[in-house]
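When a residue number appears, it is its place in the shown sequence, counting from 1. Bear in mind the structure is a predicted one, so any value in this text is a computation, not a measurement.
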Amino acid sequence: MNSLLHPPAGRPQGGHRGRRERPRGRAPRRWALTVSGYVFGLACQPLASVLLDFWQADRNGAYDNITYNFRGHQYTNAQGAFRLTTIVPGLYPGRTRHIHVKAQAPGRPVLTTQLYFPGEPRNNTDTIFDPALLMNARTVGTGREATFDFVLNVPGVPPTDPTTSPPPGGGIWQVGVTYQAGDQVTYGGATYRCLQGHLSQAGWEPPNVPALWQRA
């Protein structure tokens, strides 16, 4: 990436954990953004204590390289989950709307990437844009909510001791069930197909983890 398009990739700045510092002035509520998701390893196991370093432009498309406003970091919890409260970044010449991310599991290399917004006209002209990095985003009230699940190059062993077997021929999604790729379940009146084998956990409901479930 061109270093002129974002601040220098230094160490995470202290005092900016999880929630972003508010921009100077009062941002319209329509700019409010929440990004949430999970971080998995190669065997689809949730990864705790993954360092996530986020940075982005303000609503005017400018980066703050002095006080590092709109840069912050946090760690995934025991379930591998994260939740970021920020604003929708503004646009600047040559780029589509995006958020920068560095992800690092304990003792593992750093992954540097970007997250993108669906439906942006500049997605078609930005030479760095990658559709695989599109978030699932929706408008909620006067703000926006987005989800994205990371998969890091961390080996592991998938669960092999299920507490419950999947209901034959599908059924309602349940916690504590080992699902295999191709299994179908219903949740909230909708049908979902399993993309990766895993042991279901609370918080991993099909609509919340697009890395594991796809609406049929």
Original post:
Just by distance, do the side chain of Asn60 and the backbone of Ala62 share a donor-acceptor pair under 3.5 Å?
Top reply: no
Original post:
Can you name the closest pair of heavy atoms from Gln180 and Asp183 and give their distance?
Top reply: N-OD2, 2.8 Å
Subject >> Residues forming a side chain to side chain contact (heavy atoms under 4.5 Å, CB included) with Pro106, sequence neighbours excluded >> reply: Ser49
Original post:
Looking at side-chain heavy atoms only, is the closest gap between Tyr179 and Gln174 below 4.5 Å?
Top reply: yes
**OP:** Flag the pair Ile87 / Gln56 as yes when at least one side-chain heavy-atom distance between them is below 4.5 Å, and no otherwise.
**Re:** yes
Subject >> Inter- and intrachain pairs under ring-ring contact (aromatic ring centres under 6.0 Å, His included), touching residues 117-137, at least two apart >> reply: Tyr116-Phe129
Original post:
What residue pairs, at least two apart or across chains, pass salt bridge (Lys or Arg N to Asp or Glu O under 4.0 Å) with a residue in residues 106-126?
Top reply: Arg95-Asp126, Arg97-Glu120
Original post:
Sub-3.5 Å donor-acceptor pair from the side chain of Thr76 to the main-chain atoms of Ala81, do we have one?
Top reply: no
Subject >> Passing candidate, side-chain hydrogen bond (donor to acceptor under 3.5 Å, both in side chains) with Asp53, options Arg71, His73, Lys102 >> reply: Arg71
Subject >> Note, Val50 side chain near Val154 side chain (heavy atom, < 4.5 Å) >> reply: no
Original post:
Partners of Ser36 by side chain to side chain contact (heavy atoms under 4.5 Å, CB included), sequence neighbours excluded?
Top reply: Arg83, Thr147
**OP:** Could you state whether Leu195 and Met135 fall into the same hydrophobic cluster, counting links through intermediate Ile, Leu, Val, Met, Phe, Trp or Tyr residues with side-chain heavy atoms under 4.5 angstrom apart?
**Re:** no
Original post:
Residues in side chain to side chain contact (heavy atoms under 4.5 Å, CB included) with Ala216, at least two apart?
Top reply: Gln184, Thr191
Original post:
Between Pro207 and Tyr187, what is the shortest heavy-atom contact and its length?
Top reply: CD-CD2, 3.6 Å
Subject >> N/O donor-acceptor pair under 3.5 Å between Thr86 side chain and Leu33 backbone >> reply: no
Subject >> Path from Val175 to Tyr192 over hydrophobic side-chain contacts below 4.5 Å >> reply: yes
Original post:
Less than 4.5 Å apart, any side-chain heavy atom of Trp213 and any of Val185?
Top reply: yes
Original post:
So which heavy atom on Phe148 is nearest to which on Ala132, and how close?
Top reply: CE1-O, 3.9 Å
Original post:
At their closest point, which heavy atom of Pro210 faces which heavy atom of Asn136, and how far apart are they?
Top reply: CG-ND2, 3.2 Å
Original post:
Under a single-linkage definition using a 4.5 Å side-chain heavy-atom cutoff for Ile, Leu, Val, Met, Phe, Trp and Tyr, are Leu134 and Leu91 assigned to the same hydrophobic cluster?
Top reply: no
**OP:** State, to 0.1 Å, how close Gln104 and Pro109 come at their nearest heavy-atom pair, and which atoms those are.
**Re:** CG-O, 3.9 Å
**OP:** Check whether any side-chain heavy atom of Leu47 lies under 4.5 Å from a side-chain heavy atom of Phe150, and answer yes or no.
**Re:** no
**OP:** Answer yes if Val110 and Val101 sit in the same cluster of Ile, Leu, Val, Met, Phe, Trp and Tyr residues linked by side chain heavy atoms under 4.5 Å apart, and no otherwise.
**Re:** no
Original post:
Under 4.5 Å between any side-chain heavy atoms of Phe54 and Ile99, yes or no?
Top reply: yes
Original post:
What's the shortest heavy-atom distance between Ala78 and Ala48, and which atoms?
Top reply: CA-CB, 3.9 Å
Subject >> Check: Val39 and Leu152 side chains under 4.5 Å, non-hydrogen atoms >> reply: yes
Original post:
What's the spacing between Arg144 CZ and Arg138 CZ if we round to 0.5 Å?
Top reply: 11.5 Å
Original post:
Sequence neighbours excluded, which residues qualify as side chain to side chain contact (heavy atoms under 4.5 Å, CB included) partners of Leu212?
Top reply: Phe40, Cys44, Gln196, His198, Trp204, Val209
Original post:
Of all residues at least two apart in sequence or in a different chain, which pass the side-chain hydrogen bond (donor to acceptor under 3.5 Å, both in side chains) check with Asn123?
Top reply: Thr96
Original post:
Should Trp55 and Tyr68 count as side-chain neighbours, where that means a heavy-atom distance under 4.5 Å?
Top reply: no
Subject >> By side-chain hydrogen bond (donor to acceptor under 3.5 Å, both in side chains) - contacts of Glu205 (at least two apart) >> reply: Asn208
**OP:** Report the residues that fulfil side-chain hydrogen bond (donor to acceptor under 3.5 Å, both in side chains) with Tyr38, sequence neighbours left out, ordered by chain and then residue number.
**Re:** none
Original post:
Who are the side-chain hydrogen bond (donor to acceptor under 3.5 Å, both in side chains) partners of Arg193, not counting sequence neighbours?
Top reply: Gln214
